[in-house]
Amino acid sequence: MAKINDHYQKLTAGYLFPEIARRVAAFTETNPEADVIKLGIGDVTRPLPPAVVDAFHAGVDEMASADTFRGYGPEQGHLFLRELIAANDYASRGVSVDPDEIFVSDGAKCDCGNIQEIFSTECKVAVADPVYPVYIDTNVMAGRSGPADDEGRYEGIHYMPCTEENGFQPDIPSEPVDLIYLCSPNNPTGTVATAEQLTRWVEYARGCGAIILFDAAYEAYVSDPGLPRSIYEIDGAREVAIEFRSFSKTAGFTGTRCAFIVVPRELRGKNTAGEEVSIHQLWSRRHSTKFNGASYPVQCAAAGIYTDEGKAQVKELIDFYMENARIIREGLSASGYAVYGGIHSPYSWLRIPGARSSWEFFELLLETTHIVGTPGSGFGPSGEGYFRLSAFGDRERIEEAIERIRDKLPAD
Ligand code: MLT
């Protein structure tokens, strides 16, 4: 019989969002009349912007004619899209990223999960706690951890607690680490790192030879021009950081699938012989072996984001969700909840009143108000006692949710 990868059996629970969906399905089966409002998974609800749809259609039309039909594209992504990304997402902010350093993919979740493959299983991994579960789970699957303890902390992973005391910003590790996952604006806490905080990370990584895996999937929600949207806005970051971006939360691509990562040419790792190796070359090798490029019409659709109309329409989308986030934040605060995030992020992170656990509050909220959120403990032990609400819903449903909480489950 074929032997399995034993590391998978260390995973303590199913993936968070299917588990939530399972519990909601069980609830609706026994309460078929309940009008459930879903503010759990961060899935967008507004349609693709018209400029994106037009570009998408044009790409499909090209595929429909023998003259313009395309088969396999470049694994790294079409140059027209990579050039637009380099110019609009980086050069426009004074950051130098070459199109050759950009790898287009079918999603940031896959990129965040796959990146660990090019590093040794001996690498010590540091993660914020709470954290997007993909970072940890994929390292556990690869064998970079021992078993989990009773609270769900995997042996061998360096956890960096993010609490009210440290403003939900991880402290620099007290032990040597090799790979550091950072996410700003943060999923799940909704908080954002300042340039000073990121500078400390870049200096630390440069000092000890670590690599920062910087997840900037929510950068479009940063509205304060003084806050960094890319780690490459920090001097020296090109030598120590890989950046993950996504069109999912920016332009409504959760169902369309398109994202990219930036791997600067300066970035180096070390092989067992102690020789320096280009991380860009390794990732390029991995990407071209395991991926055949994102769909051509989808890349055309992504290019539509960078037209003048596309930019204006994407801004409208972001403004819409950020108004939802404001309604959630202010509404919950008025109902007595301590709320964090929700200013440069679509996620609000609330402290659960009383002595309830995150899952107990999940059940209580569902039973009492028929609202679905995400239990903080699903993002790690330090998320226990917290709860995440997403602003990606319809406006009326968000307003309705806040009224239900005010009337049926105020904190005070
Ligand atoms: C979330 O809710 O945390 C995200 O939607 C998950 C994801 O982007 O994969």
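What you see is a predicted model, and the numbers here were worked out from it, not measured in a lab. Both ligands and their constituent atoms are indexed starting at 1 by order of listing.
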Contact check: Asn187 vs ligand 1, nitrogen or oxygen atoms, below 3.5 angstrom: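 Indeed, backbone or side chain, Asn187 has an N or O that close.
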
Close-contact set for ligand 1 against Ile41 heavy atoms, below 4.0 Å: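 Going through ligand 1 atom by atom, the ones under 4.0 Å from Ile41 are 2 (O), 5 (O).
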
Per-atom contacts, ligand 1 versus Gly42 - under 4.0 Å to a heavy atom: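 Close to Gly42: 1 (C), 2 (O), 5 (O).
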
Region of Phe392 that comes within reach of ligand 1 [heavy atoms, distance under 4.0 Å]: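 For Phe392, there is no contact with ligand 1 at all, from either part.
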
Output field: ring centroids His280/Phe103 closer than 6.0 Å: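 Yes, the ring centres sit under 6.0 Å apart.
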
Residue, atom name and distance, where the atom is the protein heavy atom closest to atom 4 (C) of ligand 1: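 Sorting protein heavy atoms by distance from atom 4 (C) of ligand 1 puts Lys249 NZ, 3.4 Å first.
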
Closest approach of any protein heavy atom to atom 7 (C) of ligand 1, naming residue and atom: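 Protein heavy atom with the smallest distance to atom 7 (C) of ligand 1: Tyr132 OH, 3.2 Å.
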
Donor-acceptor contacts under 3.5 Å from residues 212-221 side chains, at least two apart:
{"from": "Asp215", "atom 1": "OD1", "to": "Ala217", "atom 2": "N", "distance (Å)": "3.1"}
{"from": "Asp215", "atom 1": "OD2", "to": "Tyr135", "atom 2": "OH", "distance (Å)": "2.6"}
{"from": "Tyr218", "atom 1": "OH", "to": "Lys249", "atom 2": "NZ", "distance (Å)": "3.0"}
{"from": "Tyr218", "atom 1": "OH", "to": "Tyr347", "atom 2": "OH", "distance (Å)": "2.7"}
{"from": "Glu219", "atom 1": "OE1", "to": "Arg229", "atom 2": "NE", "distance (Å)": "2.9"}
{"from": "Glu219", "atom 1": "OE1", "to": "Arg229", "atom 2": "NH2", "distance (Å)": "3.0"}
{"from": "Glu219", "atom 1": "OE2", "to": "Arg245", "atom 2": "NH1", "distance (Å)": "3.4"}
{"from": "Tyr221", "atom 1": "OH", "to": "Lys249", "atom 2": "O", "distance (Å)": "2.6"}

Minimum heavy-atom distance Gln197-Val192, with the two atoms named: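 What the structure gives for the nearest pair is OE1-O, 4.1 Å.
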
Pro161 versus Ser382, closest heavy-atom pair with distance: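 That would be CB-OG, 3.7 Å.
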
Close side-chain approach of Glu266 to Arg268, heavy-atom, < 4.5 Å: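 Of all side-chain heavy-atom pairs linking Arg268 with Glu266, none is under 4.5 Å.
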
